[in-house]
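Just so you know, ligand 1 is whichever comes first in the structure, and atom 1 is the first atom listed for that ligand.
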Amino acid sequence: MKIAVLPGDGIGPEIVAQASKVLEALRSDGLKIELEHAHIGGAGYDAAGDPLPDATLNLAKQSDAVLLGAVGGYQYDTLARPLRPEQGLLRIRKGLSLFANLRPAMVYPELANASSLKPELVAGLDIMILRELTGDIYFGQPRGVRTLDNGERQGFDTMLYSESEIRRVAHVGFQIAMKRNKKVCSVDKANVLDTSMLWREIVTEVAKEYSAVELSHMYVDNAAMQLVRAPKQFDVMLTGNIFGDILSDEASMLTGSIGMLPSASLDANNKGLYEPCHGSAPDIAGKNIANPLATILSVAMMMRYTFAREDIAQRIEAAVRKTLQRGLRTADIFEAGTQKVGTDAMGAAVVAAL
Ligand code: IPM
Ligand code: MG
């Protein structure tokens with residue numbers, strides 16, 4: 001298992017260090033794991049003047065999987081856009097053709113009180129958001145800021161989806177649903193956007209190949225509302241890049257903390273990039289208070305999707321659950337009656353449970 005490790009910025013290095021401990025524990029248990037580190041984001045800019053140095057993309061291409069922390073920091077906010085840390089993330093997703101982004105939102109019974117919703121609304125919640133990751137208004141051309149004849153500036157982006165892009169991610173959605181509760185809700189804005197009309201048409205067509213799966217369609221504004229009204233109605237939510245970006249942050253809050261949410265970004269051959277859904281949180285970087293569980297759970301997803309080791313994935317997830325059951329909490333999920341621990345101690349506890 002050749003894994004490229006890209007800690008990135010902010011809390012990235014701290015949380016990735018904890019996930020690396022888990023990988024090292026698995027290695028001493030007999031798994032053939034090879035880790036190689038490289039820079040991305042602001043760290044890439046600092047080291048090589050590029051948020052995605054060539055060496056990093058090459059390493060990622062040669063690896064079976066990528067473990068990524070997070071990118072971004074205040075000191076990079078004034079750089080020209082091509083040099084910004086976020087570009088490193090967008091380019092590595094595109095460069096590796098990681099079109100299928102799996103963002104599960106699951107409520108651990110131990111954390112039901114940490115949700116911003118009433119516990120009964122979220123208890124037992126288990127949603128899989130499948131976000132298309134290499135198309136849409138994120139990558140569509142043309143884009144830019146132009147000056148009109150009257151001298152006023154105008155910003156513009158292009159929302160684009162081709163049939164093949166929609167079809168391949170739809171297939172992933174139905175295949176995931178087959179292994180779950182066999183429900184796909186496709187989220188779009190087909191009442192307004194032409195791109196969404198095509199999206200809906202293609203998803204409906206692909207659904208015919210999966211007769212066991214129940215397909216529904218929902219407008220994105222309604223989906224945003226339903227997620228906080230009755231989130232348990234969803235199984236797999238299939239959606240485009242920008243709607244998925246927004247809805248996955250919203251869904252994270254149902255679970256108590258975005259610090260708990262892992263993600264997998266897969267290409268057509270299950271090569272994957274694994275990262276927490278949260279960002280680099282520069283305000284708490286270096287303080288040993290960040291929650292490493294989303295990154296550790298991303299390693300579990302890596303074992304499941306890239307290496308087809310469901311057994312190890314479940315072992316890691318069980319170790320996380322056991323650690324929560326013991327009452328250990330980082331600051332983001334702390335509540336009275338539990339024990340507040342730092343990033344390092346949380347990672348060590350999961351390794352011990354493993
Ligand atoms: C995410 C992030 C990124 C995105 C940013 C950092 C470019 O918000 O992974 O959800 O918008 O995809
Ligand atoms: Mg986001």
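A cation-pi arrangement is absent between Arg131 and Phe243, since the terminal nitrogen or guanidinium carbon is not both under 6.0 Å from the aromatic centre and inside a 45° cone about the axis. Cation-pi check for Lys94 over Phe139 is met; the charged atom lies under 6.0 angstrom from the ring centroid and within 45 degrees of its normal. For the pair Arg146 and Phe156, the distance from NZ or CZ to the six-membered ring centre is under 6.0 Å and the angle to the ring normal is within 45 degrees.
Looking only at N/O/S atoms, Asp245 comes nearest to the Mg ion (ligand 2) through OD1.
Using a 4.5 Å heavy-atom cutoff, the side chains of Glu86 and Tyr76 are not in contact.
Side-chain atoms of Gln62 and Asn58 include no donor-acceptor pair closer than 3.5 Å.
Of the protein's non-hydrogen atoms, the one nearest atom 9 (O) of ligand 1 is Arg93 NH2, 2.7 Å. The protein heavy atom nearest to atom 10 (O) of ligand 1 is Asp245 OD1, 2.9 Å. The protein heavy-atom contact nearest to atom 11 (O) of ligand 1 is Tyr138 OH, 2.6 Å. The protein atom (non-hydrogen) at minimum distance from atom 6 (C) of ligand 1 is Glu86 CG, 3.8 Å.
Residue contacts to the Mg ion (ligand 2): Asp249 brings no N, O or S atom closer than 2.8 Å.
Note on ligand 1: Arg103 sits in its first shell, one or more heavy atoms being nearer than 4.0 Å.
Atom numbering of ligand 1 starts at 1 in the shown order; those under 4.0 Å from a heavy atom of Arg131 are 1 (C), 4 (C), 9 (O), 10 (O), 11 (O), 12 (O).
The two residues Thr306 and Lys271 make their nearest non-hydrogen contact at OG1-C, 3.9 Å.
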